[in-house]
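Only one structure is covered here, and it is reproduced in the block below.
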Amino acid sequence: MKIKSLLLLAVMAFVIAVTSCSKKRTDYVQYVPADAAYVMSLNVQSLLDKSGALDNQRLHDAMVESASQELSGRSLDMVKALIDDPAESGVELGSDIYFWMDDMRGETGGIVLGLKDKGKFMSMLDAATEGGDKLTFTEQDGCDVASADEVAVAVGEGFALMRVGSDAGQAMESLKASLSADGESGFASTAAFREMSALKGDFGFMYSMRAILAEGGYQPEVEEMLKQIPVDEVDVIAGLTFDKGKVEMDCAYCSDSKEWEEWVKKSSATVDKVSGKMMDYVGEDALGAMFFSTHGKEVMALLSQIPGYSEMFDQLGLPFDLKQLLSTIDGQVAIGVNSFSILPEVVLCAEVTSDDIMRTVNAQIGGTQVAEGKYAASVEMVPVYYGMEDGMFYASLSQSSREGVKKADPSFSDNPHAATAKGSYGYIGINVKSLMMLPQMEALRGEMPSQAFVMLQSIDYVELYGYELTKGKLVIHTNSEDNTLRMVTELIASNL
């Protein structure tokens, strides 16, 4: 009963089209517990409009056929009716639907949504439970309430709430607890909800770090480190939006904790914004690019407050002392993969406090001087060329850097994405379009589903960057002239 009801309600929610343009409601969010481990919201109206799913006859026919194979009787008739005439659901999908889990195991949780027509929704539930444990409703505190197996449902004026528990009794107790919540005690009262609403995605997500950490299973060193960082008071928020030619995901760390605010304040002393100074050493069409600005001594001072941090660095198994290298960096850093043949043409440039970094590197990898201040070495049989130039340390795998690093022409400064990188708190760009043109990528064609490979070919560029200290964005740029979700929907439908 639990699985069937949840899946059926989710299917019904997806296939229902929106027939009203009512103002988006959030009053029923109070029924979501403030201490939920995971919360997801979705706006079906936006998803249906962007996907064009309801206008896709092939997808329509496939949904009807799938329903016919899984359902029968009134349940089947109801789903077919919803596919053809979504207004029969009674659900107000112009407002968000909220799903949540009480802990990360996902065994208990709930769904709450807005209603446009309570009578139609009750008829839909009745049809959905045909052939199983029927839901017998009784009136309680102004709501129609019922439970069966591990599910409890409440239908009120303007909302419907479902709780899933370990058994019917536990589900009903959870339902009563949710119904007794108000705007001052539910999820709607939290900073996480406010941040989640501000991101305005087609999908919204909230993960409670407290709940994630409660699952345990971490190595002792990691657990000790986490005790020094107040992440247990932090919620991770994300909003996913489909747009014309791109998909965006905004992410943020959210907390009311003063300890977390203090930690962020301390961390702010370790970074600066990207200035673009180092972009000249990365090619305009580089396969990959990374830019950031950091103060190595401040980073190491902050890490030194965490017991066991040194051992964690040692466990990385690098052929050099990363701690020593980091402590010499002070300023802008650029890493680029300019091309790829037998080996990737990688270049790293970093502003440093002194030439002490040269002695550190020479001592650890045994470089041979090839010119004044220029060295060559072999690390794991890979040639590395490095040196100092104008207060900048550089290292490269390219033979052209044997006697000094050269500026790229044209450089990443000419890349249209450079404007996003400049002023960010760190930037990563991946030129997927160029990567997919490499001969080596053809091997993927036979190793992955054809749909996935076609989707990869539709991606032009991927960006990941921080626009505030605790906020960042992932952007997937595609070659689609339409909304990216419509492109995905049509691809899926073409293979049904």
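Index from 1, following the sequence.
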Applying side-chain hydrogen bond (donor to acceptor under 3.5 Å, both in side chains), run through Ser434 and Asn431 and close with a yes or a no.
CA-CA 6 Å; Ser434 294; Asn431 191 338; 3.1 Å; yes

Salt bridge (charged side-chain N to carboxylate O under 4.0 Å, His left out), that's the test. Do Lys297 and Asp330 meet it? Break it down for me.
CA-CA 8 Å; Lys297 288 185 177 179; Asp330 187 46; over 6 Å; no

Evaluate salt bridge (charged side-chain N to carboxylate O under 4.0 Å, His left out) for Glu248 paired with Lys473, printing each intermediate quantity in order.
CA-CA 7 Å; Glu248 294 186 337; Lys473 179 173 287 192; 3.8 Å; yes

Verify side-chain hydrogen bond (donor to acceptor under 3.5 Å, both in side chains) between Glu463 and Tyr427, making sure each step is shown before the conclusion.
CA-CA 7 Å; Glu463 298 179 283; Tyr427 176 91; 2.8 Å; yes

What verdict does the salt bridge (charged side-chain N to carboxylate O under 4.0 Å, His left out) test give for Glu215 and Arg105, after you've listed the backbone C-alpha separation in whole Å, the side-chain angles of each residue and the deciding distance to 0.1 Å?
CA-CA 8 Å; Glu215 294 301 303; Arg105 292 186 297 275; 3.7 Å; yes

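Nearest heavy atom pair, residue Asn483 against residue Ser480, reads O-OG, 4.1 Å. Among all heavy-atom pairs drawn from Gln332 and Gly276, the shortest one is OE1-N, 4.3 Å. The shortest heavy-atom contact between Ile237 and Cys254 is CG1-CB, 4.0 Å. Considering every non-hydrogen atom in both Ser178 and Trp100, the closest pair reads OG-CZ2, 4.4 Å. Across all their heavy atoms, Val39 and Met196 have their closest contact at O-CE, 3.9 Å. The shortest non-hydrogen separation linking Cys143 to Gly156 is SG-CA, 4.1 Å.
Under 4.0 Å is where a charged nitrogen must lie from a carboxylate oxygen, and between Lys266 and Glu261 no such pair does. Arg210 and Asp103 are not joined by a salt bridge, as no carboxylate oxygen comes within less than 4.0 angstrom of a charged side-chain nitrogen.
Atom CE of Met278 is separated from atom SG of Cys349 by 6.0 Å, given to the nearest 0.5 angstrom. Here the straight-line distance linking atom CZ of Phe205 with atom CG of Leu199 works out to 11.0 Å at 0.5 Å rounding. To the nearest 0.5 Å, atoms OG (Ser166) and CD (Glu150) are separated by 7.5 Å. Interatomic distance, CG of Asp285 versus CZ of Phe412, reported as 10.0 Å (0.5 Å rounding). In this structure, the separation between NZ on Lys265 and CG on Leu469 is 13.0 Å, given to the nearest 0.5 Å. With rounding to the nearest 0.5 angstrom, the CG atom of Asp35 is 8.5 Å from the OG atom of Ser208.
Heavy atoms of other residues, nucleotides or ligands lying less than 6.0 angstrom from NZ of Lys277 number 12 at most.
Taking the six-membered ring for Trp and thresholds of 30 and 60 degrees, Tyr253 and Trp260 have ring planes inclined between 30 and 60 degrees apart.
Between Tyr467 and Tyr425, the distance separating the two ring centers is not shorter than 6.0 angstrom.
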